[in-house]
Novice: 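Right, I'll just put the structure down here and ask away after.
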Amino acid sequence: MNIIVQKFGGTSVATPEARGQVIQKILKAKKEGKSPVVVVSAMGRVPSPYATDTLLQFVKDEAGEIKDREYDLLLSCGEIISAVTIATMLQAAGYDAVALTGGQSGIITDGVHKSADLLYGKSDALVGYVEKDIIPVVAGFQGMTVEGEITTLGRGGSDTTAAMLGGLVGAESIEIYTDVDGIMTADPRVSECASIIPAITYNEIFQMADSGAKVIHPRAVEYAMRANIPLIIKNTFSDEPGTAIVQSVKKSYPSQTVKLITGVAHRLNRIQFKITEKLDADCDLLECMAKEHISIDLINIFPEYNVFTIDGEDKNKLEAILKKDGYEYTMVEDCCKVTVIGERMTGVPGVMSRIMKALNKEGIQVLQTADSLTTIGCLIRSEQVSRAVTALLLEFNI
Ligand code: ADP
Ligand code: ASP
Ligand code: MG
């Protein structure tokens, strides 16, 4: 059936002109003999009237804090509005199309509101439409529980919908359309030196996405990798070839120059806490944090003191625990974690030294570090993020 999944993000459906481009991309795929399954995000960003954060703000201002179940029900509406609009535009252009919620498209999830995961998928509805030459336009970012409750898949989750559906229907590829020409060596909003990466492995883009590169959701990468379906990141507003995400760049793109470091990602809104007490066997601080769902980003435990970094969103929850249990602590707010990613750095000596030299030369103080086989992360102050990312891109010649 030559099914391809085409996912269009918030900026791609934000204006009438953008939606016109979306229709062109769908019809081009059809003309090439493909059967598109379309996934759409909510329209635009705040203050667009149907953007996810606009909906959220509206109810918060009107009525106060929203419970998780109602949060999901509300947020699912943004994507449904987009799906109905794009399906109606296709119908107006003379094509058969149908708008579907995530549940109607076959995504059955667990009941974890705000961050649901696929329980199982049902492909019959989508395959049925495609066989009848009807274009399904699916509302991204959402699913349905067995009991019929609406769930959402976590912020940025329309990418995840595309990858889930791609696996479900055995798509030949999954195209993620956004507002940049592909995956770049860093966020172009942060460094003008960022450049397009023609091809990247699932593993590296997973690490980049997991370290904050918003261009794709890490869970989408996981799903596509598990199903072994190529993911392609493209620009709705250009005809550039985009970035292919594959198992092995060497095999699929032998002419691409292989570099030690592939990219630099950053994650804002970190807070570093220093606890001037021992975390010994009797200490239940980490357990209390886990119970409150406070995830620790970086952590270093020493005999005399402990340093760890959390998401700024969790600040109030953590301070409440620390105050209740009488811990002495200091914190550095408004930090950013900058992460260097490269599959080939494993076992290569000197990468850390080059990172420290490049940052020191710019007068950037490193507050904490963490490393894995293929990543090195440095916590710095947020106002230095652009200079830090640029310095690292130049140091590693990417
Ligand atoms: P969409 O609404 O299409 O899902 P997002 O805003 O979620 O779009 O993701 C696209 C944005 O991701 C780009 O505008 C860019 O600023 C940002 N971004 C962050 N890191 C990267 C990167 N390494 N390469 C490309 N874009 C990136
Ligand atoms: N609209 C949702 C969000 O803003 C999902 C997405 O755009 O992928 O997080
Ligand atoms: Mg996105």
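A quick note: this is a predicted structure, and the numbers were derived from the prediction, not measured. Counting from 1, the numbers follow the sequence of the chain as shown. Counting starts at 1 for both ligands and their atoms, in listed order. Reckoned from all heavy atoms, side chains included, excluding hydrogens, waters and symmetry mates.
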Novice: What residue and atom, counting heavy atoms only, is the protein's closest point to atom 2 (O) of ligand 1, and at what distance?
Specialist: Gly10 N, 3.0 Å

Novice: Charged N to carboxylate O under 4.0 angstrom, Asp311 versus Lys337?
Specialist: no

Novice: Return the set of residues passing ring pair (Phe, Tyr, Trp, His ring centres under 6.0 Å) with Phe273 (not counting sequence neighbours), or none when no residue passes.
Specialist: Tyr329

Novice: Just verifying a value: how many Å separate Arg226 CZ and Tyr202 OH, rounded to the nearest 0.5 Å?
Specialist: 12.5 Å

Novice: Among all the protein's non-hydrogen atoms, which is closest to atom 5 (P) of ligand 1, and how far away is it?
Specialist: Arg45 NH2, 3.6 Å

Novice: For atom 27 (C) of ligand 1, what's the nearest protein heavy-atom neighbour? Residue, atom name and distance, please.
Specialist: Val215 CB, 3.6 Å

Novice: Quick one: which ligand 1 atoms are inside 4.0 Å of a heavy atom on Ala213?
Specialist: 20 (N)

Novice: Identify which of Thr11, Thr178, Asp179 has a heavy atom lying nearest to atom 3 (O) of ligand 1.
Specialist: Thr178

Novice: To check your reading of the model: name the closest protein heavy atom to atom 11 (C) of ligand 1, its residue, and the distance in Å.
Specialist: Arg189 NH2, 3.8 Å

Novice: For ligand 2, is Gly140 a contact, meaning one of its heavy atoms is under 4.0 Å away?
Specialist: no

Novice: Does any N/O atom on Gly156 come nearer than 3.5 Å to any N/O atom on ligand 2?
Specialist: yes

Novice: Among all protein heavy atoms, pick the one closest to atom 7 (O) of ligand 2 and tell me residue, atom and distance.
Specialist: Ser41 OG, 3.3 Å

Novice: Taking the minimum heavy-atom distance to atom 15 (C) of ligand 1, which of Ile197, Ile205, Asp187 ranks first?
Specialist: Asp187

Novice: Suppose we measure from atom 23 (N) of ligand 1 to each protein heavy atom; which comes out shortest, and what is that distance?
Specialist: Met184 O, 2.9 Å

Novice: Check whether any N or O atom of Val180, backbone or side chain, sits under 3.5 Å from an N or O atom of ligand 1, and answer yes or no.
Specialist: no

Novice: Students should be able to answer this: which protein heavy-atom is nearest to atom 4 (O) of ligand 1, and at what distance?
Specialist: Lys7 NZ, 3.2 Å

Novice: Just by distance, with hydrogens left out, do Tyr129 and Glu131 show a side-chain donor and acceptor under 3.5 Å apart?
Specialist: no

Novice: Between Arg155, Lys7, His217, flag the one that comes closest to atom 4 (O) of ligand 2 by a heavy atom.
Specialist: Arg155

Novice: Counting only heavy atoms, tell me which of His266, Met208, Lys214 gets closest to atom 9 (O) of ligand 1.
Specialist: Lys214

